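See structure below.
Note that the structure is predicted; figures quoted are calculated from it, not measured. Keep in mind that the numbers below use all heavy atoms, side chains included, and drop hydrogens, waters and symmetry copies. Order of the sequence lines sets the chain letters (A, B, ...), proteins ahead of strands, with each chain counted from 1.
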There are 2 protein chains.
Amino acid sequence: MTGASAIREKHDGEMVDRSNVRLWLRLLTCTTVIEKRLKRRFADQYGITLPRFDVMAALDRNPAGMTMGQLSQELLVSNGNVTGVVQTLARDNYISIAPSPTDGRASIVRLTQLGRECFTGIAEAHHEWIDMMLEGLTRDQRAALYDLLGALKISLADDKGKEQP
Amino acid sequence: MTGASAIREKHDGEMVDRSNVRLWLRLLTCTTVIEKRLKRRFADQYGITLPRFDVMAALDRNPAGMTMGQLSQELLVSNGNVTGVVQTLARDNYISIAPSPTDGRASIVRLTQLGRECFTGIAEAHHEWIDMMLEGLTRDQRAALYDLLGALKISLADDKGKEQP
DNA sequence: GCTTAAAACTTTAAGCTTGAAATATCGTAT
DNA sequence: ATACGATATTTCAAGCTTAAAGTTTTAAGC
């Protein structure tokens, strides 16, 4: 690890007409810094990984349970990935895997009592860490950033070179 | 910043609602979507991975060469990670690894002629893909987003819970 | 010269990630 | 009923990622 001082832009340099690339790199750097910081704190203070937290958070939002495919869609990761993360969470008794009563192909994944209890505390810390990291922005700045990212989401959905594999 | 708003801001650290978490999730989603899209296009059209592109981009900006440690710092990844990526790039003759003339511990990594030629075309495509993805934002929106992300970087640098590993 | 701490780097183990191939099941049109 | 394409999931290989432990070299003090 390079340490907390490495808050520099990934590819800063040419002031040419690369403003869009620079915007993207700044977006990437901010996200990377937050993600690595959360990852480290999850590991240090709770012995948990970010992907596991993400799965538990999705299950906490869906108490009725989710299929593997729903998890994959919601978390923007592959099916095979979900399989692996879910298996270790089940091994540690944080979640349960039950066959779907209506579809023999699907499984229903749920938080166990233990999983729900652990998750509550971790989510609280997660919430506080993010509050602290955003403390330097005013309320208006946060609102403006939220709205601009909404516009970016729309721009991404409209991206021309998107889908023709 | 008005005095009235400063009073409300005082308790932001323990906000009851989850607006900061939602802001973070939106930031993460936008970054993830762009990253996955770039990754897929790099793989499909050039048979290259994102980490390799990042290393080549760093070396392209530093024609005199870089040490492994410099690469690690600039790319925000660990030393061991750089070792692996650099080895495969060297195996494929995109980069060269030479011992440092002044420091027997260090190596100097450089783009080869082949690496530089390949990188130029890929970087051009990279630039265009990003332009297309940001097409839905006005010039003003891009500038505002860039500035807000700058403010976020400062906020992250000031994050209190930052260092106690 | 000798010792020693720090620095640059590599190795290792564990885990995440993906895409492709394999397996099993479902739904439906014969 | 049965054959067939679609769907849900698992398995697998290859690559990325990190932290921790190990190696070699440097530089500083004695």
Closest to the A:Thr67 side chain: D:dT26, D:dT9, D:dT17?
D:dT9
Counter-base of C:dA7, judged by Watson-Crick or G-U geometry with both distances under 3.5 Å
D:dT24
At under 4.0 Å between heavy atoms, what does A:Gly104 touch on the DNA or RNA strands: base, sugar-phosphate, or nothing?
sugar-phosphate
To the nearest Å, how far apart are A:Asn81 CG and D:dC12 C1'?
14 Å
Interatomic distance, B:Leu75 CG vs D:dC16 C1' [rounded to whole Å]:
13 Å
Write down the distance between CG (B:Leu89) and P (D:dG15), rounded to a whole number of angstrom.
12 Å
Is a donor from one side chain sitting under 3.5 angstrom from an acceptor on the other, for A:Asn79 and A:Ser72?
yes
Find the distance B:Asn79:CG to D:dT17:C1' and express it as a whole number of Å.
13 Å
Judged by atom type as modelled, is there a donor-acceptor pair below 3.5 Å linking the side chain of A:Gln70 to the main-chain atoms of A:Thr67?
yes
Closest nucleotide of DNA chain C for A:Pro51 versus for A:Thr102: which of these residues is on the 5' side?
A:Pro51
Going by the angle between their ring planes, with limits at 30° and 60°, are B:Phe53 and B:His126 parallel, tilted or perpendicular?
tilted
B:Arg52 side-chain N/O to D:dC16 phosphate OP1/OP2 under 4.0 Å
yes
Give the intermediate values and the outcome of side-chain contact (heavy atoms from CB on, under 4.5 Å) for residues B:Leu149 and B:Leu27.
CA-CA 10 Å; B:Leu149 291 171; B:Leu27 180 67; 4.2 Å; yes
Would you compute the distance between atom CE of B:Met66 and atom CG of B:Leu111 and round it to the nearest 0.5 angstrom?
10.5 Å
d(B:Asn93 CG, B:Leu114 CG) to nearest 0.5 Å is 7.0 Å
For A:Gln87, answer base if it contacts any base atom (sugar-phosphate contacts may also be present), sugar-phosphate if it contacts only those atoms, and nothing otherwise; contact means non-hydrogen atoms under 4.0 Å.
sugar-phosphate
SG of B:Cys30 to CG of A:Leu28: how many Å apart, nearest 0.5 Å?
12.5 Å
Return the value, rounded to whole Å, for the distance between atom CG of A:Leu71 and atom P of D:dT10.
11 Å
Hey, do the aromatic rings of A:Tyr146 and B:Trp24 have their centres closer than 6.0 Å?
no
Between B:Thr83 and A:Gly80, which residue's closest nucleotide on DNA chain C lies nearer the 5′ terminus?
B:Thr83
Range on DNA chain C touched by chain B, heavy atoms, distance below 4.0 Å:
C:dA7 to C:dG19
Which sits closer to the 5' end of DNA chain D, A:Lys39 or A:Val82, going by the nucleotide each is nearest to?
A:Val82
A:Glu35 CD to D:dT17 P, in whole Å, measures 12 Å
Pick base, sugar-phosphate or nothing for B:Ile108, based on heavy-atom distances below 4.0 Å to the nucleic acid.
nothing
Can you tell me how far C1' of D:dT17 sits from CZ of A:Arg40, to the nearest Å?
13 Å
Can a donor-acceptor pair under 3.5 Å be found between the side-chain atoms of A:Arg105 and the base atoms of D:dT7?
yes
Check whether any side-chain N or O of A:Ser100 sits under 4.0 Å from OP1 or OP2 of D:dA8, and answer yes or no.
no
